[in-house]
Peer 1: 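To start, I am sharing the structure in question, which I have written as structure tokens.
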Amino acid sequence: MKLFGVCLRILPDRSEAEDVLQEVYLAIWSKAGAFDASRGGAMTWLITLARNRALDRLRASGRNRNTPIDLTGEIRDDSPNAFDTLSASDEERRIAACLADLDRFDAGLLQAAFFNGSTYVELAERAAAPLGTIKSRIRRALLKLRECLR
């Protein structure tokens, strides 16, 4: 979807953007061995291929792109905006502060269960504690965490 968005931003005609995207996919297929991870990320390489192909098509047609600025909002962009990024980092700081206020063992249980994907049974085995105890401690820790985040 991201590569199609790049093509759409450069080429005003949707069908032309689709054609270029098809060419990009063929180029990716045939040039996959040319990708060098030391020069950049895979997505950067893919976006560069799409951008260059779309610009080549635009130049070859002899047309300039004159898309009104108010139409740019119609192009889908899934990347987080600056406000969302700042909000997320602020929320992460709040969660970290609240986790630091919890009992160390309980905070470790929460992190293992919700951030590392450990099951309650696995946590009970690792802690050599009854399953019911682990469930109760996690539930109480979640309630404290919720209270702290309010």
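For clarity, every value in this text was computed on a predicted model and none was experimentally measured.
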Peer 1: Are Arg57 and Arg53 packed together at the side-chain level, in the sense that at least one heavy-atom pair is separated by less than 4.5 angstrom?
Peer 2: no
Peer 1: Between Leu26 and Glu23, is any pair of side-chain heavy atoms under 4.5 Å apart?
Peer 2: no
Peer 1: Distance check, rounded to the nearest 0.5 Å: Asp13 atom CG versus Leu8 atom CG?
Peer 2: 9.5 Å
Peer 1: Taking all atoms of both residues into account, what is the closest heavy-atom pair of Cys98 and Leu145, and its distance?
Peer 2: CB-CD1, 3.5 Å
Peer 1: Supply the atom-to-atom distance Ile134 CD1 to Tyr120 OH, rounded to the nearest 0.5 angstrom.
Peer 2: 10.5 Å
Peer 1: Quick one: CG on Asp106 to NZ on Lys144, what's the gap to the nearest 0.5 Å?
Peer 2: 6.0 Å
Peer 1: Considering only NZ, NE, NH1 and NH2 on the basic side and carboxylate oxygens on the acidic side, decide whether Arg137 and Asp103 come within less than 4.0 Å.
Peer 2: yes
Peer 1: Give a yes or no on whether the backbone of Thr119 and the side-chain of Glu122 come within a donor-acceptor separation of less than 3.5 Å.
Peer 2: yes
Peer 1: Nearest 0.5 Å, please: how far is CD1 in Ile95 from CD in Gln111?
Peer 2: 11.0 Å
Peer 1: Of all heavy-atom pairs between Phe105 and Ala127, which one has the smallest distance, and what is that distance?
Peer 2: CZ-CB, 3.8 Å
Peer 1: Are any of the side-chain heavy atoms of Arg9 and Phe4 separated by less than 4.5 Å?
Peer 2: no
Peer 1: Under 3.5 Å, is there a donor-acceptor pair between the side chain of Thr133 and the main chain of Ala129?
Peer 2: no
Peer 1: Ala50 and Val24: which non-hydrogen atoms are nearest, and at how many Å?
Peer 2: CA-CG2, 3.6 Å
Peer 1: Are any of the side-chain heavy atoms of Leu21 and Val6 separated by less than 4.5 Å?
Peer 2: no
Peer 1: At their closest point, which heavy atom of Cys7 faces which heavy atom of Ala54, and how far apart are they?
Peer 2: CA-CB, 4.3 Å
Peer 1: Going from CG on Asp19 to CG on Leu11, what distance comes out if it is rounded to the nearest 0.5 angstrom?
Peer 2: 9.5 Å
Peer 1: Any chain of hydrophobic side-chain contacts (each under 4.5 Å) joining Trp29 to Ile47?
Peer 2: no
Peer 1: List the atom of Arg94, the atom of Cys148, and the distance in Å for their closest heavy-atom pair.
Peer 2: NH2-O, 4.5 Å
Peer 1: Using the rule that Ile, Leu, Val, Met, Phe, Trp and Tyr join whenever any side-chain heavy atoms are under 4.5 Å apart, tell me whether Leu143 and Leu123 fall into a single cluster.
Peer 2: no
Peer 1: Is there a chain of hydrophobic side chains (I, L, V, M, F, W, Y, each step under 4.5 Å between heavy atoms) that links Ile10 to Tyr25?
Peer 2: yes
Peer 1: Which value, rounded to the nearest 0.5 Å, describes the distance between Leu110 atom CG and Leu142 atom CG?
Peer 2: 5.0 Å
Peer 1: What verdict does the side-chain contact (heavy atoms from CB on, under 4.5 Å) test give for Arg14 and Glu18, after you've listed the backbone C-alpha separation in whole Å, the side-chain angles of each residue and the deciding distance to 0.1 Å?
Peer 2: CA-CA 6 Å; Arg14 184 179 180 90; Glu18 290 170 352; 3.5 Å; yes
